[in-house]
Every structure is written in C-alpha cells, then in structure tokens.
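Below, all heavy atoms of this structure are taken into account, side chains as well, without hydrogens, waters or symmetry copies. Both counts, for ligands and for their atoms, begin at 1 and track the order of listing.
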Amino acid sequence: MTAHQLILKQRAELLAVLCGGGSAEPLDCVLDLLLACEVLVWEDYLSIGVVEKPLLSNVRQLLDVVYDKGEDACSLLLAAMNQVLPEEQKAGLCFGKECAVLGKNRPDTATLTLLADRPVLVRKLRDNIDGALNALLTTGCFTIKDCDAVQLPVYTPSQQVRRLLDQVRFKGETAAKTLLQYLEQTETTRPNPEDKENHLSANCLLYQKKLRSSVAAQSHSLSTYGGTGRFSLDDIYTDGLLEVMDGSGETLTLGLEDVVGPLGTLNEDADTVLVSGEAGSGKSTLLQRLHLLWAREALLTNTFLLFPFSCRKLNSEHRELSLKELLFLHCCWPDRGQDEVFQFILDHPNLALFTFDGLDEFKQGFTDEERHCCPTKQVPIPILLFNLLQGTLMKGVMKVATSRPQAVGPSLKHYLRKEVLLKGFSPGGIDCYVKKHHSDPAMAKRVIESLQANTVLLSLCHIPVFCWIVTKCHQELLGGQDVIPQTITDVYLLVLQHFFQRKSPQPQGVLGKAWLEEHLDTVLKLGQLALEGLEASCYVFSGYELQRNGLTEQDVSLGFLIYCNDLSVTDCKHYEFLHITLQCFFAALYVVLNRNSDRSTVSRLFQPQYRQLSGLSQRCLGHCIDSSVEEVESHVTETPNLQITAQFVSGLLSQRHHNLLLECCPIAVRERKVKQVVKSLSKGMQRHFKSIPRPVEGEKKSMHAMPSFVWLIKCIYEMQDNSIAQDTMAKLDVEHLKLTYCNIGPVECTALGYVLKYLRNPVGLQLDNNSVGDVGAEQLLPCLHICHSLYLRNNNISDEGIRKLLEKGMKCESFQKIALFNNNLTDACTQHFALLLKSKQNFLSLRLGNNNITSQGAEQLAEGLSYNQSLQFLGLWGNKIGDRGAEALAAALKNSTTLIWLSLVDNGVGSAGACALAKLISQSKTMEQLWLNKNCISREGVECLIEALKMNSSVKEVWLRGNNLSPEEEEELSKQESRLTF
Ligand code: ADP
C-alpha cells in the first residue's frame, strides 16, 4: 500500500493518536520534523499550528496539507509519526517502508539552520530558555515584550522554545545568528548537569528549611490566645465541619487533608481552592493548621514550598511588586541563590502552594479584566493576586484562599477548582474544644453542662469564635449574670466585661454595675477606630493612627487590639482587633454610644447599599483608601461587616441592655436610635415582602428569601422585643417560605424560631440544604406550631434532633408534612414517627429518603401506620428496609383509606416484598403510585403485582426500573400490564 493510501485508510486512527492525550506536544514534534525536512513550508506551519483552534482541527489540517503534497510528503509524515509516537500508541498502525526524516542539505543561512535543527533545538533549549532570552535581549534582538510573549506560563517549556524560535525567525538573520552563537557558547561552557542539580537543590533545600521554620513560628499559636501563653495551636485546635458539593450536587464531608486533595473537584483546569465560611467559623485557624502541619512535614508532604499570605496585610502593600518580590518579601527571603530558588518555583509549579487568607478583606473586589503573566514584571498587588488566583500567572501552583461566602462573586467562581464550606464546630467539636480549653475536667464538665442547659448559647458555640468567648468567659457565665446570654450581643458584652475585669485594679477584678460607663472613654476611642476602619475596609492600624484616635498604651494593653508581628512589609508597628467580629462590635458600640453622631448613621448602616465614607474616616485612615479602588468594588468587602455591626447595634439597643447603657447615653438619644433601627428593619422587611411575586394560579404564594432576609431576621432577634418581631411578621403573608442553600446553621435557626413564631398564618418552611443539625432543629421548635410543612432535606439531623422535633410536632395542629431526605436518621427515630402517626390523624406526608432505616425501623413505622388514617405520601427511597420491612409496611397500610403515593425505591426489596405489596394493591382504593425502582424483584414478584392490579383501578403507575428482570421479561410483562414501567 502506498503512503498516500495508508494515510487515507488510517485517517481516523492517526487523528486519534495525535490528539489522544489532549496534549499538543506530539503534533508539535511532528511539525518540527516536517519543517526540518522541508515537507512543510513556513506558511503551512503557520496555518496548521494555530493555538486558538482545537487540536483536532489542527491535526486534520496537517493530514490534508500533507496529503495534497504527494507520495513523498506522505511517507515522511508517516516516518515522523513513527519517530514521535510512543510504542504503545503505534500498535495496530502501519507506517509504510522505513525512511529517515532528515534535512536535505546543510542550510546556508542561520534562519534556515534553526529550521533544519528545530527538533534538536527544542530539546536543547528547553532547560535554558532564560539564558537564550537574555542573550537576545542584551543584543537588542528581543524586547521585554517579546520575552514576555515567549514565557507565557500557559505554555509548556517546549512550547516556549517553539515560540522563541518562531519569534527569532520573524526577527531575521541577526537574531538567528545570535541564538546560534549563544548555543555554541553554552555547549562549550555547559557545566556538568549533576553539579548543577546538586547545587540547585542545596540552595532550595536551605530555603525550604528557612521557610518551614518561619511558617512554623507564625502558625504556632492563635492570635486570640496571644499574650496568655497558655495554648499552642496544637493544644486547642479542634476539627471543624468541612463540606464540599460534588458534581452531582451531593455533599461530601472532608478532612483537613482533603482541602487540597482531589475530592469534590469541579473544575480540573483551575487550581484555586476556596474555603468559605461565615466570620469566626475558623477559616484563618484552618489555614494556620495547614501551615503548621506542612512546616512539620506532617501534611502536604508533596508540597516543597508553601507561601502563606494574608489579604489583610496585602492591603497595606502599596508598591508594585513582581511575583518574585511578593514571594520573598512577604514570606521569607532566601539567604542564598535567590534566582535559582525562584527559577525552581517557576519550573516546578506543582511543588508550590500559595495560601491567601481573607480574600473578603482584600480591598479590591476580584476582577479578571487585566491579564498579567510575567513573573518578573512589577505590577500593583491586586493584579498580581487576581492573576495568581485565575492561574494566568503561575499556572499549576495550587492556591487555597479563604473568604466569607458573600464576597465571592460569579467571576471568581469561574476560576475555582472547588469550594469547600467550613461550617464551624459540630456538637461533638464543641465538647472537644471546651475540654481542650479547660485542663481541669471538672470545670470542662460544668461548662458543658451549662451549655446543654442553655441551648441558645449552645447553638452560638457552633461558630468557633463565639465558642472561644463563651469558654473564655466561663467564670462570668457560671457565676450567674443578671442577663443570661441569648444573643451574640450578650456574648460580646461578656467578653468586653471580661477584658476590663482582667485589668481592673479592684481586688479580684470585680466590676461595678456601671462598668461600661467607667470605661466609656476607651470604648469610644476603640469604637471610632473600628468604625472608620470598617467603612474604609481597613483592618490593620498603625501606631500613628491609634495615637490620632487618642488611644494610649494602657488602652492597647486591655487586649482588644493585638500587635501584628508578621507584617514584614513595613518597619513600624501595626495593630488589629482580636477578631473582625470584635471590630464590628466596637463599631456598633460607637454608633450607639457616640452622642455626636450624625443622625443618619444608624439608618445608613441598615441600608444594603450603604458605603459612603464619612469625612472622618477619609481624614484619619487616608492610607487605607485607595483612590484606584472603585466604590462599587470596595462595597463587596464592607457589606458583611456592616451587617454584623448592624446586628450588634440592634442588640445594644435592646431593652435588655437599657440599664447598662443608661449612664452612657442620654435616654432621648437612645430612644431616637431605637426608633431608627425599628423603622429600618421594618422597611427592609417590606422590601422583601414586596418582592414576593403573585402566585401562579393553582400554586402557593411563595417567597424565596433573598440573602439579607436572614440578616434582618437576626437583627430582629438581637432586639429581643416580642412586639417588634410581631409587628414585622404580621405583614408577611405567604404560604411557603423558601430558605434553601442560605447557610442556615443553629444560630440562624434560633433567630428564625423566635421571629417566625409571630407569623399570622401557617407556612411551609423550606430549609433544605443548610446545616441545621440537631441543635438547630431544636431552635426551630418555637415556630413549629405555625409550620404546616417542614422541609429539612440534607441538614445533618440525627435521631436526637428528630425526637425533640416530633415531641413538639405532635402537639401542633397545623403541622402536617415533613421531608427529611438525606440526613443521619436510623431505626432509633422510627418509634417517634410511629407515635406521631398514631396520635396525629391529620398528618399527610412523611419523607425519609436516603437515611439508614432498616427492616426494624420499617416495622416500628408500620406499627404507627396501622393506626393512622390520614397519611397520603410515604417516601423511604434509599434506605435498607428489605423484604421484611416491605411486608410490615404493606400489612400496616392495607386498611389505609388515604395513602396515595408510596416509594420504596432502592431498598433491597425482593419478590417476597413485592408479593406483600401486591396484597396492599389489591385492597387499596386510594393508592395511585407505587415506586419500586432499583430493587431486586424478579419475575415471580412482578407476576404477583400484575395479578393484584387486575383487581385495582386506582393505581395509575407501578415503577419497576432496575430490578432482577431480563429485557425480554420486561417486554413480556409490560405487555401484560400497561401500568408497569420498566
Ligand atoms: P474566621 O477566619 O473564619 O473569621 P478564625 O479562624 O479567625 O475565624 O477564628 C476565630 C477564633 O475562633 C480563633 O481565633 C480561635 O480562637 C477560634 N477557633 C476557630 N477555629 C478553631 C479551631 N478549629 N479550633 C480551635 N479554635 C478555633
């Protein structure tokens, strides 16, 4: 067969092998060879190797061009492929008779030499691109722009060489001569590669050691424990709940080691992992733990170098930096071989990891408008950061960034490999944390018991920062306060009191009733700094700014502000609040206690679009305000903090703290502010209510909550004023309230329970896909009487949570439906459902899919069902009830006069179960649908069902897909009964 025919006949196979791995390298190597032996001319090459076109169409183009060039060209193409492809890919392919792919004559110009030697040059220059570019740059053949274009990190080193060669050809004969001269020189002076390797790794190893010890020193202790010297991170670190959603929408639980691992990856091309969670959920601490474990070689062992960055601190960097400067200035500087170390990072991106803590605190919102890919060019920090996150710069380096969820817009999401949600502590985590905090087990026990007795406080402890405060202030808590903490404002007042107490000159640090008034001056100074900082997205303050606000060393020594020692960018001292939530709390104190505040301060705080800078903040925190940052962008950072501040303002203005504030703020001023808050909350809610669309005919009037709805509810809760909650809720008139995927945890449930109990008419409350948990479920009890339906799919609820929920539910007349798909329920909860079914003869729908209920649980459920005459829908999809369970349920439901829909999909039900269900069919007058897909029912079972269906006219469909039947049996049986679906 001729080469021509071989190409035609094997076209599909040749296409497949040249595109197989998705890499353009085999095609490029073939092109190099064909250029060298002049089968292709330059114009052909340009038309084939177009980067923007898909690989497949480039290969097609190559086959077409060569085919048209005749028999010789075809045989050289086959020979080139034979040379380039690995043996395993050549199996089954025929390349014709042997022929060598060689250049015909020795070329007489430098440009042609480069072409003839192209395949060899690509190999030779691969490890030496920098040197070659340097030679071209210093001789003026190349500009910096040319170098940048060659070294785009999206290209592999071989592709970079090819671009270099192309560019040299384009520049002409002088450039080609320069390159050849450079190659000649390096041939003669090339050091022994082994020496180079050893030398390089010695410097890199030295740097790794330095970086490890610097990272270990920075991550060794927690800032909130700073100064006390009592705890190292090892002593106190408690695992938080980490979740990720996989491609099919399923939630997976992750361990710390999985954050960087492949689990939950949605976008293979991206290399930024985002860890998102609310303020105080432990994002920084999690990163700190990762850093520490890496430094000790206990985790991320494949990561050679880890570079930790804090976005808060990057805000203070106003210089333009290159990537190299960013790494070395902000992390640590190599003592030896800086260029080598940097080159090592560039050459081995897969061995480096960058972390960026607090992306939400970065002053500029993410944009991907300006592309930058040169590692040596100096650019403003935002450009550097955003291009790293996108992967335009340093493609292949894994990045982990943390942020609050609100700050992550769709443009950034586009570049994420996966988004990991940090949901704070589990109930077990809270216990574990308290035990770690209190070395005295008796004390730990007392604290845990006091939390169990105050479930509102317990629900707050799911957020680690609140757990820290509650545990820290245990003496105040156990000692009995006037006000039992119920709100986050209560908790933060506790910590305020605790810190003042610590420094109190009085014996045993007892504080008088008027403690706030006594410290008003300090509180106002800190408050002003905090508020101005928030307004300007500024979280780090210089000593000069502190001075300007009148803060003395004594004020600082109280401990609310801590010294940030790793701000290596500048020499002067910098401070930050212990935690961002504490900055928000001080800002709120300032809003409430400052007598001279602008009248509009309160109402502006409650408007989502609030972002005007006060004159003061512009004056004092000038350095924080970057004129290049557009207001719209900075708004992204401010909103969540201002929302937390507004929540604290609501709490501080609550009647509960009237006495504390009495002497600090004139009553009239306070009253005015209370009115403003109430009005703002009411207006905010009105905005939501107005957004409710008119119901479509036949559908329920439904409201899908917008993000700030939960925030407003939390503000109302902080006020702890029944009449305010009542007045606001009286105006909400919906039948269905949808709050799916809203980050609702136990804290939010407390607020929802408190506020929604004032709804006038029963609603369906849909809380699917949140993190309600058992503690959250208990917090919902106050509003259960007003819920006709409760949807809690995928919420980490276990038997204990259900026990409490049903205990109350049984007594609620309106409560008629519950959906608990995908929780942690076992047979231990079915007795409670049985009791509910027995005692509530208006209960309509019970959905328990994807839990761990076995035949035993089904038997218990059956016990309740046999007494029930109201249930219409029963869903047990994805449990393990087996034949025994199906038999028990069928027997119990035989006398039901209400059941319409039953699902036992994927439950290990066999023919025995099917025959029992057949009896149910033969007796039921109401059942319309029976779902039995994905079971192990065989022909015998289906025949029973067919017999029963002959006597039944109500059943419309019986689903039997994925059972033990052959396609022929399925066809035959469906002919016997058209209501069966296989
Ligand atoms: P975020 O970055 O989400 O705002 P942080 O990591 O700063 O939250 O956590 C605030 C405080 O909560 C920490 O300073 C620490 O006291 C406590 N904390 C958070 N996560 C943990 C944890 N996993 N183990 C122990 N304490 C934690």
Close approach, R289 and ligand 1, non-hydrogen under 4.0 angstrom: no
Does ligand 1 have any atom that is closer than 4.0 Å to a heavy atom of G277? no
Pick one: which of N795, N794, T251, T740 meets side chain to side chain donor-acceptor pair (under 3.5 Å) with N769? N794
Ligand 1 to S284, heavy atom cutoff 4.0 Å, flagged ligand atoms 2 (O), 6 (O), 7 (O)
Could you list the atoms of ligand 1 found under 4.0 angstrom from a heavy atom of W468? 16 (O)
According to side-chain contact (heavy atoms from CB on, under 4.5 Å), who are the partners of Q390, at least two apart in sequence or on a separate chain? F366, D368, R371, F386, N387, T392, Y415
At a non-hydrogen distance cut-off of under 4.0 Å, which region of Y237 contacts ligand 1 (side chain, backbone, both, or neither)? both
May I ask whether G240 has any heavy atom positioned less than 4.0 angstrom from an atom of ligand 1? no
When the ring centroid of F425 is compared with that of H462, is the distance short of 6.0 Å? no
Could you pull out all residues at least two apart from E278 that satisfy side-chain contact (heavy atoms from CB on, under 4.5 Å)? P405, Q406, N743
Number the atoms of ligand 1 from 1 as they appear, then name those within less than 4.0 Å of a heavy atom of E278, with their elements. 3 (O)
By number and element, which atoms of ligand 1 are closer than 4.0 Å to a non-hydrogen atom of G280? 1 (P), 3 (O), 4 (O), 8 (O)
Going by the atom numbers of ligand 1, which of them fall below 4.0 Å from some non-hydrogen atom of T238? 22 (C), 23 (N), 24 (N), 25 (C)
Centroid separation Y433 to Y237 less than 6.0 Å: no
For T272 and L389 the tightest heavy-atom approach is OG1-O, 2.7 Å
Would you tell me whether S276 and S403 have side-chain atoms, one donor and one acceptor, within less than 3.5 Å of each other? no
SB check K418 D258 (cutoff 4.0 Å): no
What residue and atom, counting heavy atoms only, is the protein's closest point to atom 26 (N) of ligand 1, and at what distance? Y433 CE1, 3.4 Å
Please could you name the atoms of ligand 1 that I236 approaches to less than 4.0 Å, counting only its heavy atoms? 24 (N), 25 (C)
Can you tell me the protein heavy atom closest to atom 8 (O) of ligand 1 and the distance? G282 N, 3.2 Å
Which residue and heavy atom of the protein sit nearest atom 21 (C) of ligand 1, plus the separation: T285 CG2, 3.6 Å
Below 30° counts as parallel, above 60° as perpendicular, anything between as tilted: where do the rings of Y492 and F466 land? perpendicular
Indicate, with yes or no, if the rings of Y539 and F577 have centres closer together than 6.0 Å. no
Protein contact of atom 14 (O) of ligand 1 - nearest heavy atom, named by residue and atom, plus distance: T224 OG1, 2.6 Å
Atom 18 (N) of ligand 1: which protein heavy atom is closest, and how many Å away? P464 CB, 3.6 Å
